[in-house]
Protein chains: 2
Amino acid sequence: MNELRTIRAKSGTNQEGTSAHNRRVIIEAIRLNGPLSRADLARATRLTKQTISNLVENLEVDGLVASEEVVRGGRGQPSTPYRLVPEGAFALGVQIDRHLTRLVAVDLMGQEVARAVANLPPGGPVEGCKLILRLIEAMRADLTRRIPESAHRLAGLGLAMPGPFGLAPSDDETWMMAEWQAFPLVETLAAGTGLATSLQNDATACAAAERMNGSADGLDHAVCIYFGYGIGAGLILGGELYTGSNRNAGEIGMVLFSRGGTPSPLEHRSSLASLFQHLGLDSATTEAYAEVERRTLADDPRILAWLADAAADMRQAVHMVETIFDPQTVILSGSAPEPLAKRLFDAMFPLIPSNADRPGRTLPRLQLGMIGPWAVALGAAAEPIRRAFDPRFSAILKTAS
Amino acid sequence: MNELRTIRAKSGTNQEGTSAHNRRVIIEAIRLNGPLSRADLARATRLTKQTISNLVENLEVDGLVASEEVVRGGRGQPSTPYRLVPEGAFALGVQIDRHLTRLVAVDLMGQEVARAVANLPPGGPVEGCKLILRLIEAMRADLTRRIPESAHRLAGLGLAMPGPFGLAPSDDETWMMAEWQAFPLVETLAAGTGLATSLQNDATACAAAERMNGSADGLDHAVCIYFGYGIGAGLILGGELYTGSNRNAGEIGMVLFSRGGTPSPLEHRSSLASLFQHLGLDSATTEAYAEVERRTLADDPRILAWLADAAADMRQAVHMVETIFDPQTVILSGSAPEPLAKRLFDAMFPLIPSNADRPGRTLPRLQLGMIGPWAVALGAAAEPIRRAFDPRFSAILKTAS
DNA sequence: ACATTTAAGTCAAGAAGTTTGACTTAATAA
DNA sequence: TTATTAAGTCAAACTTCTTGACTTAAATGT
């Protein structure tokens, strides 16, 4: 049996995996419920008081949790709630868009602690990565100055850019990031920063942001429709972000829709790109964004006409993801100008009846999530935090030999 | 902190969870790779030889694995491969369809060891459950006679019936199982059999069958399109069956398609129901099924016409699930007559270009899976086996207090 | 006031399970 | 015949969770 055949198998686990899981469970419980006492944690996690005491002590030593004032009010010894320490961990997030890049740093709670934005230089990903590395260095230096311990507490670097990933070079002229797609982005930035680096598409990043701080906090099943230059869906399935076999899951922008005519991809019908085209604006300029915001607030009739069509397609998109994913809720988020997103959201009602119209549902079928230019970068930054601190199957398994 | 507020938290784990996971990992590794030696298992699972030895010994005592002849041929001491023992566990699966019910028993390897079929009596689920319980009793008695140890080795009972579940009573007259939907099926059959009982829709059951023995064996990301009286998708996402927040995920039959006309649900356009209607056959009779098979083999022009339209919609459905789920492969399976399914499959090529056309892919984009009337029942039976023996996140967590 | 009850949290020993390193066994290769 | 390689075992050590008794401290009831 010692031939070179590869054996497909999952990794086993041991006591360290047990402990790692239990630590993560405690952190998640406090994140979701607010400060909890050791007794609360023992009940909620089904672990013993003693185990919780040991783990909480470790977490406190590691600077991830801290005790609050004791709470009196019931019978018995008063309890000591523990809260998360925001400065317990930090992460960086980088959004790479067509013409610019945004960089944010967040803490363990997902709160933004620094931001930066810059235009991407000509010269493609080689020059772009140099710029991004310079921005990261500057931000790390600034953070170290303001929060010295942050230097040792960086959980990782999250990247987000438009998908889909890994396809053969396309002839679609709207696709302007082919160079970036072919570039070894993760490897370059991981090597340049020394940080654990991961890459997602912008819709997935948006879902990560909603899960950390937004409308999807604590939900196990949610679809986050990202409305930006393109359109996609970030998927929270079974409590975790789902990205498919090649990180291209949720690319609903490429689904063919055919409301009364020849089928065409959803994002040719309903996206900022489609609106720019409808208005004859040059999407290569950042002014187009501000122009759309102005005209929206001015009730430009051409925008209203586009809105009616786009809303019809979006209604169908919501119906589709509800039917296919059976989520607890659907969240509309994105990087569109906020007034436009709000009008689109309003114009989507009434929704098409679907399986989601069930007796006894508590969450709205569709809700508005994080909107605005920083949503993707914040989500990119949220991902390393969740990866490092959330209970996950893969966190239990043995990794190194 | 002792108020009655519910605290949301995942369960912690302990050494028993560790061991349970490692046992499952070993079983899955042998299932996927065939017989493996302890040394193979140690390398594949990253556990130590000693740990594997202990676990394998336990599994052998439990009658789940058995050693084979030693293998010579390389240097060093010859290895002793271990295989799964089919008689190590059994499970029952029940398909509840509109007019009849099918019951199968499978072993640890997913092989069928018994089957039964009966028409459902008038009187709705109350009478139907009585019949099903009688069938189950008879099959258990028969199994006990043939394989005495099976009585103590029943992992559970899997049920499958058409979805969607839990909706308000509908006015859709094609929907004939409203009574069954409203009935406490799982509770009744669990109480009547004393077995761990679970319920899925027929498409999910089909995916379970493909995963146990079919085209999806060992795949982490696959979509199984179930073509039967209705149409749905069974989802294998991240290595596990995904059923959504209310077991209604994958109901692609209810997605609105609008190829050149008013939008209508996919299953009104492409399903056995639509074919029966197209042919003017009474779907309430089991003869309709045989009639379709006959006419298909005779190249009935009305079937050929329907096939062309249905194939066009199915192409679009494949495009949709590829784009949304980014699976490794899509499997067409179902309970249609085999000649019809094969012709539909052939008529779906060429597929619509999609994100799945990536350089270097190894699996076909679309393949034919288990076809025929027993696919759903087999999948229903496969589920308790996987639930009891596959590595899963939830299997690690503490359950009882 | 004071005893009782209730609940939070700690202590120390024990139990469950994996790891370690040395050792044994048994085959092929030189 | 010897060296090498690899499978598998043994016993002790290690990590982590559990158990049950105990301590602490507050609210409640008489």
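Being a predicted model, the structure only gives us computed values, none of them experimental. Residue numbers start from 1 in every chain, and the chains themselves are labelled A, B, ... in the order their sequence lines are given, proteins ahead of strands.
The shortest distance between side-chain heavy atoms of Val71(B) and Pro78(B) does not fall below 4.5 Å. The side-chain heavy atoms of Asn22(A) and Thr45(A), taken from C-beta on, include no pair separated by under 4.5 Å. In this structure, Ser67(B) and Glu60(B) have side chains that are in contact, with non-hydrogen atoms separated by less than 4.5 Å.
Taking the nucleotide of DNA chain D with the nearest heavy atom to each of Gln77(A) and Thr18(A), the more 5' of the two is matched to Thr18(A). Summary of the strand contacts: Gly76(B) and Thr13(A) both lie near DNA chain C, and taking for each the nucleotide with the nearest heavy atom, the more 5' one is attributed to Thr13(A). Nearer the 5' end of DNA chain D, as judged by each residue's closest nucleotide, is the contact made by Leu47(A), out of Arg72(A) and Leu47(A).
Applying side chain to side chain contact (heavy atoms under 4.5 Å, CB included) to Thr204(A) and the options Leu199(A), Leu241(A), Ile236(A) leaves one that passes, Leu241(A). For the side chain to side chain contact (heavy atoms under 4.5 Å, CB included) with Arg211(B), the qualifying choice from Leu219(B), Asp217(B), Asp390(B) is Asp390(B), the only one to do so. Applying the side chain to side chain contact (heavy atoms under 4.5 Å, CB included) test between Met212(B) and each of Arg31(B), Gln111(B), Met109(B) identifies Arg31(B) as the sole match.
Put simply, Arg75(B) has no side-chain N or O that comes within less than 4.0 Å of OP1 or OP2 on dT4(D). Between dG8(D) and Arg38(B), no contact under 4.0 Å exists linking OP1 or OP2 to a side-chain N or O. Phosphate contact (OP1/OP2 of dT19(C), side-chain N/O of Asn14(A), threshold under 4.0 Å): present. Regarding contacts with the backbone of dT18(D), a side-chain N or O of Thr48(A) is found under 4.0 angstrom from either OP1 or OP2. Taking side-chain N and O atoms only, Asn22(B) has a distance below 4.0 Å to OP1 or OP2 of dT18(C). For Ser53(B) and dT9(D), the shortest distance from a side-chain N or O to OP1 or OP2 is below 4.0 Å. Neither OP1 nor OP2 of dA16(C) sits under 4.0 Å from any side-chain N or O of Ser19(B). Contact check, Thr51(B) against dT19(C): a side-chain N or O comes under 4.0 Å of OP1 or OP2.
At whole-Å resolution of the value, CD in Gln50(A) and P in dA8(C) are 15 Å apart. Between the NZ atom of Lys49(A) and the C1' atom of dC11(C) there is a distance of 12 Å, rounded to whole Å. Here dT18(D) presents its C1' atom at 16 Å from CZ of Arg46(A), a figure rounded to the nearest Å. Rounded to an integer number of Å, the gap from NZ of Lys398(B) to P of dT19(D) is 7 Å. For the pair Ile396(B) CD1 and dG17(C) C1', the computed distance is 14 Å after rounding to whole Å. For the pair Ile52(B) CD1 and dA6(D) P, the computed distance is 19 Å after rounding to whole Å. If you measure from atom CZ of Arg43(B) to atom P of dA6(D), you get 9 Å, rounded to the nearest angstrom. Put simply, CG on Asp40(B) is 7 Å from P on dA7(D), counting in whole angstrom units.
A perpendicular orientation is assigned to the rings of Phe393(A) and His21(B), their planes being inclined by more than 60° (bins at 30° and 60°).
For residues 55-67 of chain B, proximity to DNA chain C is found at no residue, defined as any non-hydrogen atom under 4.0 angstrom from a strand atom.
A donor and an acceptor atom never sit less than 3.5 Å apart when one is taken from the side chain of Gln15(A) and the other from the base of dC14(D). Put simply, the side chain of Glu16(B) and the base of dC17(D) share no donor and acceptor less than 3.5 Å apart.
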Next item on the list: Given side-chain hydrogen bond (donor to acceptor under 3.5 Å, both in side chains), test Ser37(B) with Thr80(B) step by step and report yes or no.
Entry: CA-CA 5 Å; Ser37(B) 69; Thr80(B) 310; over 6 Å; no
